[in-house]
There are 2 protein chains.
Amino acid sequence: MTSYDQLLQVLRDEGHRLTPQRLIVLRVVAEGRQHMGVDEVFREAQSAYPFMDLATVYRTLRLFKQVGLVTEVAIGDRLHYELTHPDDRHHHMVCRVCHGAFNLSPHYLEEFNSTLVNEFGFIPDLDHFTIAGVCVNCRPQSPAEVGAGSEEFTLDEDPT
Amino acid sequence: MTSYDQLLQVLRDEGHRLTPQRLIVLRVVAEGRQHMGVDEVFREAQSAYPFMDLATVYRTLRLFKQVGLVTEVAIGDRLHYELTHPDDRHHHMVCRVCHGAFNLSPHYLEEFNSTLVNEFGFIPDLDHFTIAGVCVNCRPQSPAEVGAGSEEFTLDEDPT
DNA sequence: CAAGTATTTGCAACTCATTGCAAAAAGAAA
DNA sequence: TTTCTTTTTGCAATGAGTTGCAAATACTTG
């Protein structure tokens, strides 16, 4: 049983129907690069199935997100999606300047999460979290740093 | 010099023109309750200045946000704005169920901020931060908690 | 205070995303 | 396989927010 079939089983198990549209969107996202924009998913899906409708792509991605098959990442002000890798869950730091997305281990949010729960009884949605900002490469460097490069930092960028 | 005039000075100092539309939007936000929706701002502004256009309200609020006069809060999926109180800066926890917005002291994000800067050289936008989730009152209670109330937590809700 | 210019407004068109609804189709049952 | 029920799709309309552009206007300078 392939990994792709396992994904389909997730849908079946929750009582969702396996329509050609869903199979295609799933395949596009599974085979595509990290965090694809909705329009990209739409174009690729449409080339495999010309009757594909944009609304269906939106609905399908939302469904996939609900059942955990994909992860939603807000890049700029557009929504992107990537296949969820259960063994490599991570959050994202998205650079406001270059729009690059960098992975962030869930470990960095554990304490924040406990604090909100313990102090306020507030349960934050931290299934997937995206924080915007400016990455090392786009950061205005202080004079002392100019020419020093940024070898001191490790940014695990999503291949795009 | 009133506080209102100080706000106007901020605009003037940055070279922005003081149009009637801007004066009115500023007054509406300054006198309004916490985090008003754009449509509310629009309605109130329109009653003071019938020619007010919705696009102008959007542009004006965006400008005010840029210069720091107002803070943008995403509640549900709509944007809300509140006057920035420099002596009471805070982030928000927004409940996905009741849509209530609760204040969160910047102190709770200091460590997270330093971690990202120190470990990744990533400078997160933490001027204002909104985290979605479920608040104590809307949280499904465990059997042991039923009837116990939520006196153990202090949620500082924005008056709405 | 009049003239000049750069910004801002109002309007309409547009984008991204969602939704109502009738028609189509998936899966279950016979 | 045929029928039935429920979900899903395609389409068109809607909603929130943004944008291009010509007309209007706030501010600057003489």
Side-chain angles (χ1 to χ4, degrees), chain A residues 8-26 28-29 35-43 45-67 69-70 72-81 94 96 99 130, chain B residues 5 7-26 28-29 35-43 45-46 48-67 69-70 72-81 94 96 99 130 132:
Chain A
L8 294 186
Q9 198 54 45
V10 172
L11 287 175
R12 233 187 304 256
D13 287 350
E14 302 212 9
H16 301 291
R17 295 183 180 175
L18 301 187
T19 66
Q21 292 88 338
R22 286 177 179 169
L23 302 187
I24 286 161
V25 169
L26 184 58
V28 167
V29 174
H35 51 79
M36 299 177 75
V38 176
D39 51 333
E40 291 175 274
V41 175
F42 176 54
R43 274 198 302 276
Q46 208 178 29
S47 77
Y49 185 85
F51 300 105
M52 183 69 69
D53 189 85
L54 183 57
T56 301
V57 172
Y58 275 108
R59 281 189 281 231
T60 303
L61 289 171
R62 191 173 2 146
L63 173 71
F64 287 2
K65 177 187 162 198
Q66 270 166 32
V67 302
L69 287 180
V70 302
E72 190 181 75
V73 189
I75 295 189
D77 56 355
R78 298 240 199 337
L79 297 179
H80 287 230
Y81 294 86
V94 175
R96 168 163 38 88
H99 290 136
T130 301
Chain B
D5 288 331
L7 298 179
L8 295 186
Q9 199 54 44
V10 172
L11 287 175
R12 233 188 303 260
D13 288 349
E14 303 214 7
H16 301 291
R17 297 187 177 170
L18 301 186
T19 65
Q21 291 89 338
R22 286 178 180 169
L23 301 188
I24 286 161
V25 169
L26 184 58
V28 167
V29 173
H35 52 79
M36 300 176 74
V38 176
D39 52 332
E40 291 175 274
V41 175
F42 176 54
R43 273 198 303 277
Q46 209 177 30
Y49 185 85
F51 300 104
M52 184 68 70
D53 188 86
L54 184 56
T56 300
V57 172
Y58 276 108
R59 279 190 280 231
T60 302
L61 289 172
R62 194 176 356 151
L63 173 71
F64 287 2
K65 176 188 163 196
Q66 269 166 32
V67 301
L69 286 179
V70 302
E72 189 181 78
V73 190
I75 296 188
D77 56 356
R78 297 239 200 337
L79 297 179
H80 286 230
Y81 295 87
V94 175
R96 172 163 34 90
H99 290 138
T130 301

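Per chain, numbering begins at 1; letters A, B, ... match sequence-line order. This one's a predicted model, so the numbers in the text were calculated from it and none came from an experiment.
- The backbone N or O of A/R17 sits less than 3.5 Å from a side-chain atom of A/R22, completing a donor-acceptor pair.
- Here C/dA23 presents its C1' atom at 15 Å from CZ of A/F51, a figure rounded to the nearest Å.
- In terms of polar N and O atoms assigned as donor or acceptor, the side chain of A/R59 comes within less than 3.5 Å of the base of D/dG10 in a complementary pairing.
- For D/dG10, the OP1/OP2 oxygens have a side-chain nitrogen or oxygen of A/Q21 closer than 4.0 Å.
- When each of B/L18 and B/Y81 is assigned the nucleotide of DNA chain D bearing its nearest heavy atom, the one mapping closer to the 5' terminus is B/Y81.
- Closest to the side chain of A/V38, from the set D/dT9, C/dA17, C/dT9, is C/dA17.
- Set against C/dT8, D/dT5, C/dT19, the side chain of B/R17 has C/dT8 as its closest nucleotide.
- The backbone N or O of A/M52 lies less than 3.5 Å from no partner atom in the side chain of A/T56, so there is not a single donor-acceptor pair.
- An OP1 or OP2 oxygen of C/dA26 is reached within less than 4.0 angstrom by no side-chain nitrogen or oxygen of A/T19.
- Counting only heavy atoms from C-beta on, A/R62 has its side chain closest to C/dT18 among C/dT18, C/dT8, D/dG10.
- Using a 3.5 Å distance cut-off with no hydrogens or angles, the side chains of B/R43 and B/Q46 do not pair a donor with an acceptor.
- In this structure, CG of A/D53 is placed 16 Å from P of C/dG20, rounded to the nearest angstrom.
- D/dT14 atom P lies 18 Å from atom CG of A/L54, rounded to whole Å.
- A/I24 places its CD1 atom 11 Å from the P atom of D/dT9, with the value rounded to the nearest Å.
- In this structure, NE2 of B/H16 is placed 11 Å from P of C/dT7, rounded to the nearest angstrom.
- The phosphate of D/dT9 (OP1 or OP2) has no side-chain N or O of A/T56 nearer than 4.0 angstrom.
- The side chain of B/Y58 contributes an N or O atom lying less than 4.0 Å from OP1 or OP2 of D/dG17.
- Comparing B/L63 and A/D39 by the nucleotide of DNA chain C whose heavy atom lies nearest to each, the residue mapping closer to the 5' end is B/L63.
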